[in-house]
Amino acid sequence: MRPAGDAGRVAQIHASAGVGRSRSACQVGRARKSTPAPRSRSPRTAQANSERGMSNESAASQVGEPFPLSTLRHSVSHLMASAVQRLYPGVSFGFGPSIEHGFYYDFDLPTKLEEKDLVAIEKEMRRIAKQTPQIVREEVTRAEARKRLAAKGQGYKLEALDLIPEDEAISVYRHGDWEDLCEGPHVDRLDRNFHFKLLSLAGAYWRGDEKRPMLQRIYGTAFWSKEELDRHIAWLAEVKERDHRKLGTELDLFSTHQEAGAGFVFWHPNLGAVRRAIEEFWWEEHQRRGYEPVYTPHVLREQVFAVSGHLQNYADMMYSEMLIDEMPYRVKPMNCPGHAIMYRTRNRSYRELPLRWAELGTVYRYEKSGVLHGMLRVRGFTQDDAHIFCTPEQLEEEIAGVVELIRMALSTFGFQYTAYLATRPEKAIGSEEVWAKAIQALEKAAEREKLPLVLDEGGGAFYGPKIDFKVRDALGREWQNSTVQCDFNLPERFDLKFTDSDGKEKRPIMVHRAVLGSLERFVGGLVEHFGGKFPVWCAAKQVALIPIREEHAAYVRDLGKRLRGDLFRVECMDAPGHMNKKIKDAQHAQIPFMLIAGDREAAEGTVAVRRRGTREQVDMKFEEFVALLERLRRTRSLELN
RNA sequence: GCCAGCGUGGCUCAACGGUAGAGCACCGGUUUUGUAAACCGGCGGUUGCGGGUUCGAUUCCCGCCGCUGGCUCCA
């Protein structure tokens, strides 16, 4: 991945709460890097920034910076646009806002920009900043604005002008011979002390509409201080270094194959081990909370999805039919219809509710080719899915249980998180009353679990309200994985019933929930979160055994056997070769512990222990080391001591 | 899907109209070493696939597949 290109992506990682976007019954929280939404900034942006030690607007004004960072960045985007105009006469301008980590500007120009052109543009920007530093604001009449834009042939800007409400003042900002229709504000002068860098190029539809022309977008960033810019660039480098696709190759974790088709992940043994460890953890914690494992088929008759409603509404995401005995079947894009069918196999009594059915269910969905991304956006993935069938009275208790489980799981991986309560959207099924009750149950459950909720007004699915969790990883980036959703729709569609204590048939509520989201996305994200340095409990290999000379191989082989007997994952490096190389290899493989043994250790039954990330070695009795390892595994410690 | 860029041994990269090369990895030999790469040698590529232009294509053109950065999308 190219640094500049990567920067463009990263520059936009911030939350889009998904407000107003409804999700289907079974879209249980697929984690994703949040979509860019330049105009609607996340309330958590500043927090995420400061966590990385980056400056943010309030911090900037605190230290007496004359303008907020976003103002600076917006002005630098203007500066960039003026440089582009000088270098590429005939350019039409789109929008050029400040965004979370920088800014961009969209251009319609006859030539295709290349990365190397950015250098020339930067140079021109510096020249302009020196030559015509003064930025001037001018209020003009609508007619005047229109006249000027028309004279310059700025069609996109003319359209932008029409977007401005009638009663609003119309302003242009000018420096030198360049001016832009813009509401501002801007910094006063471009020769103030600030630092910027152009980062990447991308295509972007005019006004985000795929039916409209594709413009060329340049991303860049700017800071008041050189240190902050440098820190940001270093951060981008760190992000690139930790990219799960890069580490995926280096650590032999996974692959995808041209010959096998895009978007299908092959888990290599190393990542298989990580996944197994996580799955075991997952099952253990679910069993502990009264979940029961279920397994449902991957291919079902099409009519099942007609009943669930997915076929009608979301056919675009589903793979086409296959005929079995001349009847149409579909690969499942979600697990819930299968669970609903199982629920119906017999009459259900209130006495057996709630039912908590969990399945690591693999689903297949059509994703457009351009959106596929390593393990994070794929066409086949396994959800850590579960459905809870319960009575309305049980809802609060069940939600509380899910919230507790999610928090426990996220903490285990060292994630910080924020929870959002998504309420009734405009288009929704179910009565106001049912919604209000369910929302109340969610709120009360959160209260009970002492979980603060951020309100996402109208952000619920059409079939019910939900709580979404966004986690922040070690690099300060946000992901959405966990979710708990109430569903009034599917019980209706599948005509699910239970007989209540009064003898009457009633509808259960179905709760969809995912803790990890999809294993592909979660584990892919985890690779980046840990930078390949997995904690002992889920590391691919937990211990590397290294003999000092070949004659010590038997000793380490014996230790390896004993460790494997205790179900530890061991890399026994007993093949011919040099110790130093083995140490290097173990280091590169990010194995948490190296046990090095020679004459002394073999004689005393000890091992020289070297922890990942240090060069120190500690001599320990082998049993002592095993006890340490066992404790780290049992407690799922994030530390190595 | 759209815009742009890219696709050379397992990996990282070079060559760019004239017989495809390096390092790492791998294999063999020598070496037997106390904490990040021993030494020598060898194997390995129909340059993503298909078509075209050319005396000659990895190089130029077209189509497909895949990858990268964004955009749109993710029930």
Side-chain angles (χ1 to χ4, degrees), chain A residues 1-12 18 21-32 35-36 104 106 108 112-115 199-219 243 245-246 249-250 252 255-263 305 308-318 333-334 365-374 376-379 461-463 480 518 521 546-553 576-588 594-601 608-610 614-617:
Chain A
M1 176 146 46
R2 289 159 212 79
D6 190 34
R9 175 166 67 86
V10 171
Q12 297 194 61
R21 192 179 287 156
S22 67
R23 289 193 172 158
S24 94
C26 294
Q27 207 223 347
V28 271
R30 296 186 54 198
R32 56 172 316 221
T35 44
Y104 67 78
D106 288 341
D108 192 351
K112 287 167 190 167
L113 291 174
E114 292 177 47
E115 296 267 324
L199 296 169
S200 63
L201 290 165
Y205 298 112
W206 166 237
R207 295 184 62 196
D209 184 343
E210 63 181 323
K211 293 184 184 66
R212 315 222 34 195
M214 177 73 73
L215 308 179
Q216 298 190 66
R217 174 173 296 180
I218 302 177
Y219 285 101
D243 189 295
R245 294 164 300 180
K246 181 175 157 76
T249 303
E250 286 174 8
D252 194 8
S255 55
T256 57
H257 301 268
Q258 192 174 131
E259 64 183 313
F305 302 109
S308 72
H310 292 97
L311 196 63
Q312 300 86 312
N313 297 319
Y314 318 117
D316 288 355
M317 297 295 294
M318 295 177 65
M334 77 296 293
R365 300 180 185 177
Y366 173 72
E367 298 278 4
K368 288 179 177 177
S369 59
V371 307
L372 301 173
H373 184 90
L376 303 183
R377 189 82 183 265
V378 294
R379 286 176 170 166
F462 73 90
Y463 51 76
Q480 207 237 290
S518 97
R521 193 173 270 183
I546 301 173
I548 284 172
R549 286 194 308 280
E550 213 166 317
E551 68 203 71
H552 309 122
H578 289 245
M579 176 187 67
N580 282 343
K581 180 159 188 308
K582 291 173 184 175
I583 288 171
K584 185 212 56 168
D585 289 343
Q587 202 88 295
H588 281 177
M594 280 182 237
L595 301 189
I596 300 169
D599 290 331
R600 202 172 61 228
E601 287 79 6
V609 178
R610 190 164 144 164
T614 81
R615 302 187 58 161
E616 297 159 41
Q617 44 173 337

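So you know, we letter chains A, B, ... as the sequences are listed, proteins then strands, and number each from 1. The model shown is predicted, which means the values in this text are computed figures rather than measured ones.
- Residue contacts shown for A/G370 include a base, since a base heavy atom lies under 4.0 Å away.
- If you check every strand for non-hydrogen atoms under 4.0 Å, A/N313 touches nothing.
- Distance from the side chain of A/Q258 is smallest to B/G48 among B/G48, B/A36, B/G34.
- The nearest heavy atom of RNA chain B to A/M318 and to A/I548 marks one nucleotide each, and the one closer to the 5' end goes with A/I548.
- B/A57 and B/U46 have their C1' atoms separated by 13 Å, given to the nearest Å.
- No N or O donor and acceptor, one from the side chain of A/Y366 and one from the base of B/G1, sit under 3.5 Å apart.
- For A/Y219, taking side-chain heavy atoms from C-beta onward, the closest of the listed nucleotides B/A38, B/U35, B/C71 is B/C71.
- If you check B/G5 for Watson-Crick or wobble pairing at under 3.5 angstrom, you find it paired to B/C67.
- In the set B/A38, B/G34, B/C71, B/G34 carries the atom at the smallest distance from any side-chain atom of A/D599.
- Side-chain atoms of A/E367 stay outside donor-acceptor range of the base of B/G1, with no qualifying N/O pair under 3.5 Å.
- For the pair A/D106 CG and B/A4 C1', the computed distance is 14 Å after rounding to whole Å.
- At whole-Å resolution of the value, CD1 in A/I218 and P in B/C71 are 15 Å apart.
- Taking atom P in both B/C60 and B/U30, the straight-line distance is 48 Å, to the nearest Å.
- With a 3.5 Å ceiling on both atom-pair distances, the Watson-Crick or G-U wobble partner of B/C11 is B/G23.
- When all heavy atoms are compared, the tightest approach of A/P547 to A/A553 is CB-N, 3.8 Å.
- Straight-line distance between the P atoms of B/C71 and B/G9: roughly 31 Å, to the nearest whole Å.
- Nucleic acid contact class of A/A204 (heavy atoms, under 4.0 Å, all strands): sugar-phosphate only.
- One atom, OH of A/Y205, and another, C1' of B/C3, lie 7 Å apart when rounded to the nearest Å.
- Judged by closest nucleotide on RNA chain B, A/Q216 is the one of A/Q587 and A/Q216 placed further toward the 5' end.
- The gap from the C1' atom of B/G10 to that of B/U47 amounts to 16 Å, rounded to the nearest Å.
- Contact annotation: A/R245 side-chain N/O to B/G69 OP1/OP2 distance is under 4.0 Å.
- Comparing atom distances between the A/R549 side chain and each of B/G34, B/A36, B/U32 picks out B/U32 as nearest.
- Across all their heavy atoms, A/M579 and A/I596 have their closest contact at SD-CG2, 4.2 Å.
- Per the geometry, CG belonging to A/L372 stands 17 Å off P belonging to B/U72, to the nearest Å.
- Heavy atoms of other residues, nucleotides or ligands lying less than 6.0 angstrom from CD of A/E259 number 12 at most.
- Atom CZ of residue A/R245 and atom NE2 of residue A/H373 lie 3.5 Å apart, to the nearest 0.5 angstrom.
- Donor-acceptor pairing under 3.5 Å, judged by distance alone, is absent between the side chain of A/R212 and the base of B/C2.
- Looking at heavy-atom distances under 4.0 Å, A/E601 makes contact with a base.
- Between A/S200 and B/G69, a side-chain N or O to OP1/OP2 separation shorter than 4.0 Å is absent.
- Distance A/E616 CD to B/G34 C1': 17 Å, rounded to the nearest Å.
- In terms of modelled atom types and a separation under 3.5 Å, the side chain of A/E367 and the main chain of A/G263 share no donor-acceptor contact.
- A donor and an acceptor atom sit less than 3.5 Å apart, one in the side chain of A/H578 and one in the base of B/U31.
- Of the side-chain N and O atoms in A/K584, none sit less than 4.0 angstrom from OP1 or OP2 of B/C24.
- If you measure from atom CG of A/D585 to atom C1' of B/A25, you get 10 Å, rounded to the nearest angstrom.
- Separation of the P atoms belonging to B/C49 and B/C65 is 15 Å when rounded to the nearest angstrom.
- Contact annotation: A/H257 side-chain N/O to B/C67 OP1/OP2 distance is not under 4.0 Å.
- Of the listed nucleotides (B/U35, B/C73, B/G34), B/U35 has the atom at the smallest distance from the side chain of A/R615.
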Derivation of the side-chain contact (heavy atoms from CB on, under 4.5 Å) call for A/M334 and A/R365: CA-CA 9 Å; A/M334 77 296 293; A/R365 300 180 185 177; 4.2 Å; yes

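- With respect to the salt-bridge test (charged N to carboxylate O, under 4.0 angstrom), the residues A/R207 and A/D209 do not qualify.
- The line from CZ of A/R212 to OH of A/Y205 is 13.0 Å long, rounded to the nearest 0.5 Å.
- Which of B/U35, B/C2, B/A25 sits closest to the side chain of A/A608 comes down to B/U35.
- Distance, A/I596 CD1 to B/U33 P: 16 Å, rounded to whole Å.
- Here the P atom of nucleotide B/U68 and the NZ atom of A/K368 are 18 Å apart, to the nearest Å.
- Between the CD1 atom in A/I546 and the NZ atom in A/K581 there is a gap of 11.0 Å [rounded to 0.5 Å].
- Atoms CG and CD, from A/D106 and A/Q216 in turn, are 10.0 Å apart once rounded to the nearest 0.5 Å.
- For A/M214, counting side-chain heavy atoms from C-beta on, the closest listed nucleotide (B/C2, B/G48, B/C73) is B/C2.
- Side-chain N/O atoms of A/K112 include one lying less than 4.0 angstrom from OP1 or OP2 on B/A4.
- Comparing B/U35, B/C73, B/C26 by their closest approach to the side chain of A/K581 singles out B/C26.
- If you check B/A38 for Watson-Crick or wobble pairing at under 3.5 angstrom, you find it paired to B/U30.
- Regarding contacts with the backbone of B/A36, a side-chain N or O of A/R610 is found under 4.0 angstrom from either OP1 or OP2.
- Distance from the side chain of A/A262 is smallest for B/G66 among the nucleotides B/U72, B/A36, B/G66.
- If you take atom C1' in B/U12 and the same atom in B/C6, they sit 16 Å apart, rounded to whole Å.
- A distance of about 14 Å separates the P atoms of B/U68 and B/C11, rounded to the whole Å.
- With a 3.5 Å ceiling on both atom-pair distances, B/U46 lacks any Watson-Crick or G-U wobble partner.
- With P as the reference atom, B/A14 and B/U32 are 40 Å apart, rounded to whole Å.
- Listed candidates were B/A37, B/G69, B/U33. Nearest to the side chain of A/M579 is B/U33.
- Base pairing annotation: B/U58 forms no Watson-Crick or G-U wobble pair, as no partner gives both donor-acceptor distances under 3.5 Å.
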